[in-house]
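First comes the structure, then the notes that go with it.
Only a predicted model underlies this, so the values are computations on that prediction, with no experimental measurement involved. In what follows, chains are A, B, ... by sequence order, proteins preceding strands, each numbered from 1.
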There are 2 protein chains.
Amino acid sequence: MEDFHYNPHISVDCVIFGFDDQKINILLIKRKQSGKNVFALPGDLVQKGEDLDHAASRVLFELTGLQNLYLEQFKAFGSPDRIKDPVDIEWIKSIREHPEERVITIGYNSLVKVDGFEFTPSSFAEEVLWHPIEKPQKLAFDHNDIANTGWFMLREKIKREPMIAFSLLPEKFTLRQLQTLYEAIVGISLDKRNFRKRMLRNNFLVAMEERETGVSHKPAQYFRFDEDTYREDFARDQWFLF
Amino acid sequence: MEDFHYNPHISVDCVIFGFDDQKINILLIKRKQSGKNVFALPGDLVQKGEDLDHAASRVLFELTGLQNLYLEQFKAFGSPDRIKDPVDIEWIKSIREHPEERVITIGYNSLVKVDGFEFTPSSFAEEVLWHPIEKPQKLAFDHNDIANTGWFMLREKIKREPMIAFSLLPEKFTLRQLQTLYEAIVGISLDKRNFRKRMLRNNFLVAMEERETGVSHKPAQYFRFDEDTYREDFARDQWFLF
DNA sequence: AAAGATAGTGTAATGAGTACACTTAGCAAA
DNA sequence: TTTGCTAAGTGTACTCATTACACTATCTTT
């Protein structure tokens with residue numbers, strides 16, 4: 001049997017989502033190149049003997065200082081001509097020992113709670129920033145494809161396992177925040193009363209004593225998400241095909 | 001920046017599903033090794049300059065002679081110790097020039113209509129066979145993990161895009177076949193009248209003139225699936241989270 | 001004290017899901 | 001040809017979820 005012994009590089013790229021109470025953003029890194037700003041997804045080569053998930057965790061940790069984030073692989077990108085923009089090729093030549101080598105990358109989605117964490121400066125990036133997912137932004141390499149696919153896959157995933165959406169909210173949140181998040185994910189707006197009615201049917205949303213403070217209107221009650229109750233309630237699969 | 005220049009092999013492995021009017025099966029290849037039967041998923045190394053999807057199509061075509069099958073990547077498997085069984089290591093040594101090299105594999109799901117196609121003999125396998133997905137069978141390498149993950153991902157995918165299930169049925173099929181398939185995927189049994197009521201609401205199921213022949217009971221009407229109508233009807237997303 | 005802003009609340013109508021039993025059409029065996 | 005077997009094909013009543021829709025309550029600011 002023929003053995004081509006063709007060994008490309010392997011990397012991971014992370015689409016890191018955050019919710020700012022209005023819209024959903026992804027984390028981008030910015031570098032200056034030939035006087036222009038170039039944006040890209042954070043990522044790195046997989047090291048020898050390193051598990052793929054571990055490589056993605058490592059990228060996340062170096063960037064955010066956080067561990068045990070929601071993290072899920074969503075697709076491998078392996079087109080032979082993934083990198084064809086001259087600007088990208090120039091960049092690759094400046095950082096890789098073997099720039100001619102094909103790179104296959106594994107896309108990972110990650111969810112973070114944006115309240116209260118700081119970016120860690122990275123060797124990769126001059127700057128790290130949140131960028132609205134719905135606002136177009138040209139990215140390096142095939143990172144637009146990766147980010148769009150990641151966003152699509154996240155929404156599909158949340159349809160099936162809505163629980164993970166709570167990874168985007170703070171520990172305590174109002175029903176308004178939850179509804180806004182829901183609307184940002186689904187992309188449609190919902191009736192407030194019907195939304196509340198449906199949510200409050202669910203025992204996994206637990207009302208807390210605490211209310212909002214310092215707002216110039218009637219303060220909203222805080223809720224928290226109870227994962228154990230959720231798992232019990234959601235044993236029922238939904239399965240309505242066609 | 002450090003560049004490890006660590007380049008593993010890349011392969012694809014295919015989980016190929018077929019429906020025999022009773023249950024769902026996957027395609028396995030069998031080889032004899034040390035007098036024992038060893039079963040595995042069909043797969044191959046990705047060649048130089050070859051796209052990942054192309055590699056998977058190639059494996060499928062070599063095995064079935066069919067092209068344009070439903071084909072979807074579902075996960076990359078990259079654990080550094082994917083291959084640890086001595087039997088597997090021995091096999092690898094006999095077929096690879098660089099057997100010590102780590103292999104990262106991309107899992108693909110594929111759906112075929114089983115009526116009327118023949119397996120093509122392959123250089124890989126002494127025998128190709130259908131095996132019930134629900135019946136446990138020890139496979140080589142981490143192929144049990146790959147097959148189970150593929151089956152899980154297929155079901156999740158069908159929840160969101162039920163249309164693809166029709167890739168498992170012949171061009172013309174009875175509602176009984178459709179219901180059996182539905183039940184095999186979902187894993188629960190359904191009421192016949194309610195199932196028919198729900199299905200016949202959908203315009204994309206088109207009744208044909210033809211009926212079954214040669215059955216020792218009232219012959220069932222044949223239906224076909226109209227993809228265009230489906231796409232119109234299914235513009236409505238279902239989006240009921242929580 | 002008034003104005004501005006968002007939280008929080010109920011009802012009636014419609015449509016979908018569920019449970020459930022008998023008749024029909026073809027084939028085969030007596 | 002009659003009888004029996006098998007799976008196809010059909011309708012109704014009940015329950016429960018979804019939908020559309022408008023006003024009061026509470027806090028801050030001016």
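Annotation: side chain to side chain contact (heavy atoms under 4.5 Å, CB included) contacts of A/N37 (sequence neighbours excluded): A/K30, A/K32, A/F39. With sequence neighbours left out, B/S216 forms a side chain to side chain contact (heavy atoms under 4.5 Å, CB included) with no residue at all.
For residues 172-182 of chain A, the pairs satisfying salt bridge (charged side-chain N to carboxylate O under 4.0 Å, His left out) are A/K172-A/E210, A/R176-A/E183, with sequence neighbours left out.
Backbone-only engagement by A/Q221 is indicated by non-hydrogen atom pairs under 4.0 Å involving sugar-phosphate atoms exclusively.
Separating the CD atom of A/E212 from the P atom of C/dA5 is a distance of 16 Å, rounded to the nearest angstrom. Protein atom CD1 of A/I188 is 11 Å distant from nucleotide atom P of D/dA20, rounded to whole Å. Regarding A/Q177, its CD atom lies at a distance of 13 Å from the C1' atom of C/dA7, rounded to whole Å. Atom CG of A/L175 and atom P of C/dA7 are 9 Å apart (whole Å). Following rounding to the nearest Å, A/F223 (CZ) and C/dA7 (P) show an atom-to-atom distance of 12 Å. The interatomic distance linking A/L190 (CG) with D/dC21 (P) rounds to 15 Å, in whole Å. The distance from atom CG of B/L178 to atom P of D/dA8 is 13 Å, rounded to the nearest whole Å. When rounded to the nearest whole Å, the span between OH of A/Y222 and C1' of C/dA7 equals 13 Å.
Of the possible donor and acceptor atoms, none in the side chain of A/T174 sits under 3.5 Å from a partner among the backbone N and O of A/A220. Although no hydrogens or angles enter the test, the distance criterion places no donor-acceptor pair under 3.5 Å between the side chain of B/E232 and the main chain of B/T229. Without hydrogens or angle criteria, B/Y108 side chain to B/D53 main chain gives a donor-acceptor distance under 3.5 Å. Between the B/D191 side chain and the B/N194 main chain, a donor and an acceptor come within less than 3.5 Å of each other.
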Please list each protein N or O that sits under 3.5 Å from an N or O in nucleotides 9-11 of chain C, with the distance.
residue, atom, partner, partner atom, Å
C/dT11, O4, A/K197, NZ, 3.1

Nucleotides 23-27 of chain C: which of its N/O atoms have a protein N/O under 3.5 Å away?
residue, atom, partner, partner atom, Å
C/dA25, N3, B/K218, N, 3.1
C/dG26, N2, B/S216, O, 2.7

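Note: A/Y230 and A/F204 have perpendicular aromatic rings, judged against thresholds of 30 and 60 degrees for the angle between ring planes.
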- Item | Steps toward salt bridge (Lys or Arg N to Asp or Glu O under 4.0 Å) verdict (B/E171, B/R224) | CA-CA 6 Å; B/E171 289 304 323; B/R224 67 180 176 80; over 6 Å; no
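Heavy atoms from other residues, nucleotides or ligands lying under 6.0 Å from CD of B/Q137 number more than 12.
The C1' atoms of five pairs define one axis at each end of the helix from C/dA1-D/dT30 to C/dA30-D/dT1, and these two axes lie 10° apart (to 10°).
A/F173 has its ring centre no less than 6.0 Å from the ring centre of A/Y222.
Contact annotation: A/R201 side-chain N/O to D/dT18 OP1/OP2 distance is under 4.0 Å.
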